[in-house]
Enquirer: 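Below is a structure I'd like to ask you about.
Note: hydrogens, waters and symmetry copies are ignored here, and every other heavy atom, side chains too, is used. Note that the structure is predicted; figures quoted are calculated from it, not measured.
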Amino acid sequence: MKIDLHSHTYYSDGHLSPKELIDRAHSMQVDVLAITDHDTVQGIDEALAYQKQLKRPLHIVPGVEISTSWHNFDIHVLGLNVDHQDTDFLQQLELQSLERDRRAQQMSDKLEKAGVANVLEDAKALAGVGQLTRAHFARVLVNRQVVKDFDSVFKKYLGKGKRAHVKPKWISIQQAVSWIHQAGGKAVLAHPGHYDMTTKWLKRLVAEFAEAGGDGMEVIHSHLSPERKKLLAELAAAHGLNSSSGSDFHYPNRWTELGKNLALPEQLVPIWHEWAFVNHLMQTDQQHT
Ligand code: MN
Ligand code: MN
Ligand code: MN
């Protein structure tokens with residue numbers, strides 16, 4: 001049984017269309033896949049329609065990854081199993097898009113002052129129908145050979161404290177949790193092991209996320225050391241948070257793959273424990289082994 005509850009399409013900073021993502025998930029034998037683009041649910045209908053047409057078993061979980069601001073950190077909150085057609089929810093996500101556009105304009109202005117002109121235009125062309133993200137800006141700078149690679153863009157220009165950094169004004173964690181709950185979904189703290197913070201801050205984050213009404217946290221995600229995994233499992237248990245697992249797949253590469261190495265430690269309560277469709281899949285899975 002392969003469950004992957006974190007992935008992106010070209011409706012945000014992923015490279016694949018919903019169809020391509022689903023085809024890949026099928027070839028990786030994923031049973032349950034959440035599509036969680038940054039601040040948008042734009043790709044969900046397309047994904048559901050395509051999956052239905054295929055009639056091969058793969059359950060698509062409608063999801064989203066919402067950007068929030070917490071102290072000086074950008075914290076990502078996943079909304080899983082949301083009603084992606086809820087009109088209030090769509091309006092709320094639209095507010096996040098406006099903030100993305102504001103940030104993009106400011107980043108472009110700052111880059112212009114640093115001698116790199118018209119980045120916004122090119123970034124928009126790359127983003128196409130999707131949300132405009134910093135990854136698009138980075139790709140423009142790499143394509144233009146302003147810097148040698150993706151990471152250098154952040155080290156030189158877009159990262160915290162660098163020339164073209166713009167402090168985003170995202171909503172609070174509490175706000176994101178409440179939007180997700182109103183849309184009927186589960187709020188999950190994304191990739192807690194990835195934030196550039198000390199263990200002390202990480203513990204505080206998990207505690208405050210639980211206090212804000214969060215339902216779960218990713219305990220398994222890519223690039224985690226065994227010690228880090230252990231810490232995340234302990235924190236989830238200590239704060240009564242359910243556990244989630246996701247690849248955060250953006251595009252085919254050597255390091256991440258859909259549905260790969262995502263099994264949760266046995267003793268934890270998975271975020272899907274009350275999802276009828278997963279329980280049903282689990283039962284049929286067992287009958288076949
Ligand atoms: Mn991303
Ligand atoms: Mn993220
Ligand atoms: Mn992500």
Enquirer: Is any side-chain heavy atom of Leu258 less than 4.5 Å from a side-chain heavy atom of Ser7?
Expert: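 Of all side-chain heavy-atom pairs linking Ser7 with Leu258, at least one is under 4.5 Å.
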Enquirer: Is the closest side-chain donor-acceptor distance between Tyr11 and Glu46 under 3.5 Å?
Expert: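 Judged by distance alone, the side chains do pair up.
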Enquirer: What pairs with His59 under ring pair (Phe, Tyr, Trp, His ring centres under 6.0 Å), at least two apart in sequence or on another chain?
Expert: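 Checked His59 against ring pair (Phe, Tyr, Trp, His ring centres under 6.0 Å); matches are Phe277.
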Enquirer: Show me the side-chain donor-acceptor pairs of residues 243-253 shorter than 3.5 Å, one per line, residues at least two apart or across chains.
Expert:
{"unit_1": "Ser245", "atom_1": "OG", "unit_2": "Leu262", "atom_2": "O", "d": "2.5"}
{"unit_1": "Ser247", "atom_1": "OG", "unit_2": "Asp4", "atom_2": "OD1", "d": "3.4"}
{"unit_1": "Ser247", "atom_1": "OG", "unit_2": "Asp4", "atom_2": "OD2", "d": "2.7"}
{"unit_1": "Ser247", "atom_1": "OG", "unit_2": "His6", "atom_2": "O", "d": "3.4"}
{"unit_1": "Ser247", "atom_1": "OG", "unit_2": "Phe249", "atom_2": "N", "d": "3.2"}
{"unit_1": "Asp248", "atom_1": "OD1", "unit_2": "His6", "atom_2": "NE2", "d": "2.8"}
{"unit_1": "Asp248", "atom_1": "OD1", "unit_2": "His8", "atom_2": "NE2", "d": "3.0"}
{"unit_1": "His250", "atom_1": "ND1", "unit_2": "Asp248", "atom_2": "O", "d": "2.9"}
{"unit_1": "His250", "atom_1": "NE2", "unit_2": "Asp13", "atom_2": "OD1", "d": "3.2"}
{"unit_1": "His250", "atom_1": "NE2", "unit_2": "Asp13", "atom_2": "OD2", "d": "3.3"}
{"unit_1": "Asn253", "atom_1": "OD1", "unit_2": "Trp255", "atom_2": "N", "d": "2.6"}
{"unit_1": "Asn253", "atom_1": "OD1", "unit_2": "Thr256", "atom_2": "N", "d": "3.0"}
{"unit_1": "Asn253", "atom_1": "OD1", "unit_2": "Thr256", "atom_2": "OG1", "d": "3.4"}
{"unit_1": "Asn253", "atom_1": "ND2", "unit_2": "Tyr251", "atom_2": "O", "d": "2.8"}
{"unit_1": "Asn253", "atom_1": "ND2", "unit_2": "Thr256", "atom_2": "OG1", "d": "3.0"}

Enquirer: Looking at side-chain heavy atoms only, is the closest gap between Tyr157 and Leu141 below 4.5 Å?
Expert: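 Sidechains of Leu141 and Tyr157: in contact.
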Enquirer: For Thr133, is there any backbone N or O sitting under 3.5 Å from a side-chain donor or acceptor partner on His136?
Expert: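 Judged by distance alone, yes, a pair lies under 3.5 Å.
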Enquirer: Would you say that His38 contacts Arg134 through its side chain, given a criterion of any heavy-atom pair below 4.5 Å between the two side chains?
Expert: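 No, every pair of side-chain atoms sits at 4.5 Å or beyond.
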Enquirer: Find out whether Asp215 and Val177 are in side-chain contact, i.e. whether some heavy atom of one side chain is under 4.5 Å from a heavy atom of the other.
Expert: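 No. Closest side-chain heavy atoms not under 4.5 Å.
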Enquirer: Can Trp70 and Glu208 be counted as having a side-chain donor-acceptor contact under 3.5 angstrom?
Expert: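 Side-chain D/A pair, Trp70 to Glu208: present.
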Enquirer: Give me the one residue out of Leu235, Asn242, Leu189, Leu268 that meets side-chain contact (heavy atoms from CB on, under 4.5 Å) with Val219.
Expert: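 Result: among Leu235, Asn242, Leu189, Leu268, Leu268 is the only option passing the side-chain contact (heavy atoms from CB on, under 4.5 Å) with Val219.
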Enquirer: A side-chain contact here means heavy atoms from C-beta on lying under 4.5 Å apart; do Ser97 and Glu94 qualify?
Expert: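 The answer is yes; the side chains approach within 4.5 Å.
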Enquirer: Is it the case that the side chain of Ser152 and the backbone of Val147 share a donor-acceptor pair, with hydrogens and angles ignored and the cut-off at 3.5 Å?
Expert: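 Flag not set: sc Ser152 to bb Val147 has no pair under 3.5 Å.
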Enquirer: Sub-3.5 Å donor-acceptor pair from the side chain of His273 to the main-chain atoms of Pro270, do we have one?
Expert: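 Yes, His273 side chain to Pro270 backbone: donor-acceptor pair under 3.5 Å.
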Enquirer: Ignoring hydrogens and angles, state whether a donor on the side chain of Gln105 or Asp109 is under 3.5 Å from an acceptor on the partner side chain.
Expert: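 Yes - a donor-acceptor pair under 3.5 Å links their side chains.
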Enquirer: Ring centres of Trp201 and Phe73 under 6.0 Å apart?
Expert: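 Distance test on ring centres: under 6.0 Å, yes.
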Enquirer: Would Arg139 and Asp122 pass as an ion pair if we require N to O under 4.0 Å?
Expert: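 Salt bridge: no.
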Enquirer: Pick out which of Asp101, Thr40, Leu93 makes a side-chain contact (heavy atoms from CB on, under 4.5 Å) with Gln131.
Expert: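 Of all the options given, the one that passes is Thr40.
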Enquirer: Taking the side chain as C-beta and beyond, is there a heavy-atom pair between Leu21 and Tyr10 under 4.5 Å?
Expert: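 No - every pair of side-chain heavy atoms lies 4.5 Å or more apart.
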Enquirer: Can any side-chain N or O of Thr36 pair as donor or acceptor with the backbone N or O of Gly63 at less than 3.5 Å?
Expert: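 No, because the side chain of Thr36 does not come within donor-acceptor range (under 3.5 Å) of the backbone of Gly63.
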Enquirer: Does a donor on one side chain and an acceptor on the other come within less than 3.5 Å for His191 and Glu65?
Expert: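 A pair is found: one side chain offers a donor N or O, the other an acceptor, under 3.5 Å apart.
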Enquirer: Going by salt bridge (Lys or Arg N to Asp or Glu O under 4.0 Å), name the pairs with one or both residues in residues 148-162, residues two or more places apart or in two chains.
Expert: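 Listed by first then second residue: nothing to list.
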Enquirer: State whether the side chain of Lys110 and the backbone N or O of Val166 hold a donor-acceptor pair below 3.5 Å, judged by distance alone.
Expert: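 Absent.
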Enquirer: Check whether Glu99 reaches the backbone of Pro168 with its side chain - one donor and one acceptor, N or O, closer than 3.5 Å.
Expert: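 No; zero donor-acceptor contacts below 3.5 Å.
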Enquirer: Test salt bridge (charged side-chain N to carboxylate O under 4.0 Å, His left out) on Lys230 and Glu234; report intermediate values, then the result.
Expert: CA-CA 6 Å; Lys230 196 168 157 268; Glu234 282 166 8; 3.4 Å; yes
Enquirer: Do the side chain of Ser12 and the main chain of Asp37 share a donor and acceptor less than 3.5 angstrom apart?
Expert: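 Judged by distance alone, no pair lies under 3.5 Å.
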Enquirer: Counting N and O atoms only, with roles assigned by atom type, does the side chain of Asn81 sit under 3.5 Å from a partner on the main chain of Val61, one being a donor and the other an acceptor?
Expert: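 The answer is no, because no donor-acceptor pair under 3.5 Å joins these two groups.
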Enquirer: Side chains of Pro192 and His221: does their closest heavy-atom pair fall under 4.5 Å?
Expert: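 Yes, side chains in contact.
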Enquirer: Looking only at atom types and distance, does a side-chain atom of Lys2 sit under 3.5 Å from a main-chain N or O of Met28, one as donor and one as acceptor?
Expert: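 Yes.
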Enquirer: Is it true that His194 and His76 have ring centroids separated by less than 6.0 Å?
Expert: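 No, ring centres 6.0 Å or more apart.
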Enquirer: Within the side chain of Gln92, is there an N or O that forms a donor-acceptor pair under 3.5 Å with the backbone of Ala176?
Expert: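 No.
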